[in-house]
Amino acid sequence: MFKTLSTAALQSAIAVLCAVATPAGATPDMQALAEKSGCFSCHSMQNKLVGPGFAEVAAKYKGDSEAPAKLARKIREGGKGSWGRIPMPPHSNLKEAEAQQLANWVLGAG
Ligand code: HEC
């Protein structure tokens, strides 16, 4: 009995680890840029960590034609209030084009 339980626990732990290592729907280049830029210290693809999961962001802005520009600006300049009181810090080291690509990528994550 105990043995069965611990195997199940181990399997779910492995499943979680795999989900973190290979986020669904990520294109390799954008994922690398997001990793390099430190996005995953506060975001995961699906669920809220410090900031919203990228799939949650994609769902929230579905059909919003202003979302790509708005999110690109927020990625570069930081901001708060859309998801709660914790602010996202600015990433002014990113080029405008990179922030735009990341915004488009996040919006495609849902
Ligand atoms: C220090 C933690 C932290 C880091 C690092 C971080 N974020 Fe965020 N992010 C947040 C928080 C907190 C929010 C929610 C802000 C709000 O409520 O408006 C957020 C919100 C967002 C949103 C949604 C914005 C909105 O207005 O709905 C996007 C898109 C996003 N982050 C992308 C990124 C990308 C891309 C990176 C890497 C370049 C990144 N984040 C790095 C904490 C972080």
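Just so you know, ligand 1 is whichever comes first in the structure, and atom 1 is the first atom listed for that ligand.
- Proximity to G79 (heavy-atom distance under 4.0 Å) selects the following atoms of ligand 1: 15 (C).
- The NZ atom of K70 sits 6.5 Å away from the CG atom of D64 when rounded to the nearest 0.5 Å.
- Ligand 1 lies out of reach of W105, whose nearest heavy atom is not under 4.0 Å from it.
- Expressed to the nearest 0.5 Å, how far NZ of K60 lies from OG of S82 amounts to 5.5 Å.
- Going from atom CD of E77 over to atom CE of M88 covers 10.5 Å, rounded to the nearest 0.5 Å.
- At least one N/O-N/O distance between Y61 and ligand 1 falls below 3.5 Å.
- Taking all heavy atoms of L71, I86, L94 into account, the minimum distance to atom 24 (C) of ligand 1 is reached by L71.
- For the ligand labelled ligand 1, residue A34 lies outside the 4.0 Å heavy-atom shell.
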Practice prompt. Could you give me the CA-CA distance, side-chain angles and deciding distance for K80 and I86, then say whether side chain to side chain contact (heavy atoms under 4.5 Å, CB included) is met?
Written response: CA-CA 6 Å; K80 65 180 163 125; I86 307 173; over 6 Å; no
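- If you look at A103 next to ligand 1, there are no close heavy atoms at all, none under 4.0 Å.
- Taking 4.0 Å as the cut-off, P87 counts as a neighbour of ligand 1 on heavy-atom distance.
- Checked by distance only, ligand 1 and S37 stay at 3.5 Å or farther apart across all their nitrogen or oxygen atoms.
- At the top of the distance list for atom 11 (C) of ligand 1, counting protein heavy atoms only, stands G51 CA, 3.6 Å.
- Ligand 1 is never approached by L107 to a heavy-atom distance shorter than 4.0 Å.
- Taking distance alone, with nitrogen or oxygen atoms compared against 3.5 Å, K74 approaches ligand 1 more closely than that limit.
- Interface atoms of ligand 1 facing G38, defined by a heavy-atom separation under 4.0 Å, are 5 (C).
- Considering both main-chain and side-chain atoms, S41 never comes within under 3.5 Å of ligand 1 through any nitrogen or oxygen pair.
- E98 places a side-chain N or O within donor-acceptor distance of the main-chain N or O of K95, the cut-off being under 3.5 Å.
- Among the atoms of G81, some N or O lies under 3.5 angstrom from an N or O of ligand 1.
- The backbone N or O of Q31 lies less than 3.5 Å from no partner atom in the side chain of K36, so there is not a single donor-acceptor pair.
- Taken from CH2 in W105 to CG in L33, the straight-line distance is 8.5 Å, to the nearest 0.5 Å.
- One option in C42, C39, P52 has a heavy atom closer to atom 4 (C) of ligand 1 than any other, and that option is C42.
- Considering backbone and side-chain N/O of H43, one or more are found under 3.5 Å from N/O of ligand 1.
- Protein heavy atom closest to atom 41 (C) of ligand 1, with residue, atom name and distance, is H91 CE1, 3.3 Å.
- Side-chain contact between F54 and Q46 is absent, with no heavy-atom pair separated by less than 4.5 Å.
- Looking only at distances, a side-chain donor or acceptor of R76 sits under 3.5 Å from a matching main-chain atom of L94.
- Looking from atom 6 (C) of ligand 1 to the surrounding protein, the closest heavy atom is M88 SD, 3.4 Å.
- Taking the ring axis of W83 as reference, the NZ or CZ atom of K48 does not stay both within 45° of it and closer than 6.0 Å to the ring centre.
- Looking at H91, its side chain does come within 3.5 Å of a backbone N or O of P89 through a donor-acceptor pair.
- Every atom of ligand 1 is numbered from 1 in the order shown, and the set under 4.0 Å from a heavy atom of V50 is 12 (C).
- For ligand 1, the atoms closer than 4.0 angstrom to any heavy atom of G84 are 17 (O).
- Within the model, atoms CG of L49 and SG of C39 stand 12.0 Å from one another, a figure rounded to the nearest 0.5 Å.
- Taking only nitrogen or oxygen atoms, main chain and side chain alike, I75 does not reach within less than 3.5 Å of ligand 1.
- Looking only at heavy atoms of the protein, atom 17 (O) of ligand 1 is closest to W83 N, 2.6 Å.
- Using a 4.5 Å heavy-atom cutoff, the side chains of L102 and M30 are in contact.
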